Amino acid sequence: MSIAQSVLPAAEERPVRRGLFARLLRRPSAVAGLALLGAILAMAALADVVYPADPLDMAGTPFLWPGADPDFPLGTDMMGRDIAAGVFHGARVSLLIGGVATLVSLVIGVGVGAIAGFFRGRADHALMHVTELFQTIPPFLFPIVIVAILQPTMTTVVLAIGLTSWPSLARLVRAEVLRLRDGEMVQASIVLGLSDARIILTHVLPNVLAPIVVSASIMVASAILTESSLAFLGLGDPNIVSWGSMVGAGREVLRTDWYVATVPGLAIVAAVLALNLLGDGLNDALDPRQNRR
């Protein structure tokens, strides 16, 4: 028993996370991603302050080009709605959908991967067969089917994206857990008589946190793109404004008034770029091989 107790702390494989923010600041890509994401978050937080009116209301003359009227710096669309107000309020909706959908995927993916990798055997086979089943379905077709069958609301869009984005994360977590399962840390915990749940939660998952965090940043970006694609096809919530719904509305006048779709499209590009840059920075900052240099 005393041997196991002495092995347990020595077998810790957790990457050093102290000074994570300082390590991020040493990476230009991460700094750019943080700055861009901070600006988008500020837009979402200040949407009600800067544009307190409903972004779906007709605010001015239709088809005002950007810069034509100081009151509408980004112009108006075919219904006279303020595009700038839509971009600010759409930031809140798109980030919320991306974040909650990613949270749903994290719960499912991490749970499936951890159980399959730790218990192995029949549990592993059964859960991996389910994962393979989800992976055989085109990743964009499944959300379309779910939203088309159910009423296209913000809740159904979030669930549709979250329920179809977890398989790759589950495989990643499973591979990491399988690597740790036979390590000294887990074996010592088993000798000490710790429960399986406690071993998974306190000794296994903390050592898988780095790839999960990096994957989560990429999944948020993918969820934003998926929501935008669904809204572009008319499968978004008609009662809210998102960047995707604005792009979808602007496609009808793309040849004559391209700015209607281009402005929210650039906002989508900025958000996805920020999250990808941040993900790359996190990957480098959490990589113990990079931290030794």
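These figures come from a predicted structure and were not determined experimentally.
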For the residue pair Ile144 and Leu233, establish whether any side-chain heavy-atom pair is separated by less than 4.5 Å.
yes
Ala223 and Ala101: which non-hydrogen atoms are nearest, and at how many Å?
CB-CB, 4.2 Å
Hey, does Thr226 have a side-chain heavy atom less than 4.5 Å from the side chain of Phe140?
yes
If you round to the nearest 0.5 Å, how far is CZ of Arg27 from CG of Leu34?
12.0 Å
Give me the atom names and distance for the closest heavy-atom approach of Leu205 to Ala114.
CD2-CB, 4.0 Å
Are the side chain of Glu176 and the backbone N or O of Arg171 linked by a donor-acceptor pair below 3.5 Å?
no
Heavy-atom closest pair, residues Val87 and Leu74
CG2-CD1, 4.4 Å
Tell me the closest heavy-atom pair linking Ser168 and Gln135, and the distance in Å.
N-NE2, 4.2 Å
Do side-chain atoms of Ser245 reach the backbone of Val241 as a donor and acceptor pair under 3.5 angstrom?
no
When you look at Leu163 and Ile108, which way does the side-chain contact (heavy atoms from CB on, under 4.5 Å) test go after all the steps?
CA-CA 8 Å; Leu163 292 175; Ile108 300 174; 3.6 Å; yes
Any side-chain heavy-atom pair of Thr164 and Ile137 under 4.5 Å:
no
Keeping Asn207 on the side-chain end and His203 on the backbone end, is there a donor-acceptor pair under 3.5 Å?
yes
Is a side-chain N or O of Arg251 found less than 3.5 angstrom from the main chain of Phe232, in a donor-acceptor match?
yes
Answer yes if Leu266 and Leu277 sit in the same cluster of Ile, Leu, Val, Met, Phe, Trp and Tyr residues linked by side chain heavy atoms under 4.5 Å apart, and no otherwise.
no
Output for pair (Asp82 CG, Asp71 CG), nearest 0.5 Å, gives 9.0 Å
Nearest 0.5 angstrom please: Trp243 CH2 to Ile97 CD1, how far?
11.0 Å
Once rounded to the nearest 0.5 Å, what's the spacing between atom CG of Leu37 and atom CG of Asn276?
11.5 Å
Would you find a donor on one side and an acceptor on the other, under 3.5 Å apart, between the side chain of His89 and the backbone of Tyr51?
yes
Is there a side-chain contact between Leu275 and Ile224 (heavy atoms, below 4.5 Å)?
yes
Give the intermediate values and the outcome of side-chain contact (heavy atoms from CB on, under 4.5 Å) for residues Asp237 and Val157.
CA-CA 8 Å; Asp237 191 335; Val157 169; 5.9 Å; no
Quick check on the hydrophobic clustering: are Val100 and Leu225 connected, directly or via other members, by side-chain heavy-atom contacts under 4.5 Å?
yes
Quick check: closest heavy atoms across Gly281 and Ala30, and the distance to 0.1 Å?
CA-CB, 3.7 Å
Is the backbone N or O of Asp77 less than 3.5 Å from a side-chain atom of Tyr259, with the two atoms forming a donor-acceptor pair by type?
no
Tell me if a side-chain donor or acceptor on Ser242 pairs with a main-chain N or O of Gly90 at a distance below 3.5 Å.
no
Shortest non-hydrogen contact from Ala270 toward Leu36:
O-CD2, 3.3 Å
side-chain contact (heavy atoms from CB on, under 4.5 Å), that's the test. Do Thr256 and Phe63 meet it? Break it down for me.
CA-CA 10 Å; Thr256 57; Phe63 294 120; 5.7 Å; no
With hydrophobic residues grouped by side-chain heavy-atom distances under 4.5 Å, do Leu178 and Val204 end up in a single group?
no
Taking the side chain as every heavy atom from C-beta outward, state whether Ser215 and Leu172 have any pair of such atoms under 4.5 Å apart.
yes
Kindly compute the distance separating NE2 (His125) from CZ (Arg120), expressed to the nearest 0.5 Å.
11.0 Å
If two hydrophobic side chains count as joined below 4.5 Å and joins carry through other members, does Val107 share a cluster with Leu96?
no
Any side-chain to backbone donor/acceptor pair from Trp65 onto Gly75? Under 3.5 Å, distance only.
no
According to the interplanar angle, ranging from 0 to 90°, do the rings of Phe142 and Phe134 count as parallel (below 30°), tilted (30 to 60°) or perpendicular (above 60°)?
tilted
Do Ser94 side-chain atoms and Ala91 backbone N/O form a donor-acceptor pair below 3.5 Å?
no
When rounded to the nearest 0.5 angstrom, what distance separates CG in Asp57 from CE in Met79?
10.5 Å
With side-chain contact (heavy atoms from CB on, under 4.5 Å) as the criterion, how do Asp196 and Phe119 come out once you've worked through the C-alpha distance, each side chain's angles and the decisive distance to 0.1 Å?
CA-CA 9 Å; Asp196 292 336; Phe119 293 103; 3.4 Å; yes
Hphob cluster co-occupancy, Val272 + Ile40, side-chain heavy atoms under 4.5 angstrom
yes
Any Glu252 side-chain heavy atom under 4.5 Å of Val260 side chain:
no
Donor-acceptor contact present, side-chain Thr131 to main-chain Pro167, <3.5 Å
no
Would a 4.5 Å heavy-atom cut-off, applied to side chains only, mark Val208 and Leu180 as touching?
yes
Run the salt-bridge test on Arg92 and Asp48 with the 4.0 Å N-O cut-off and return the result as yes or no.
yes
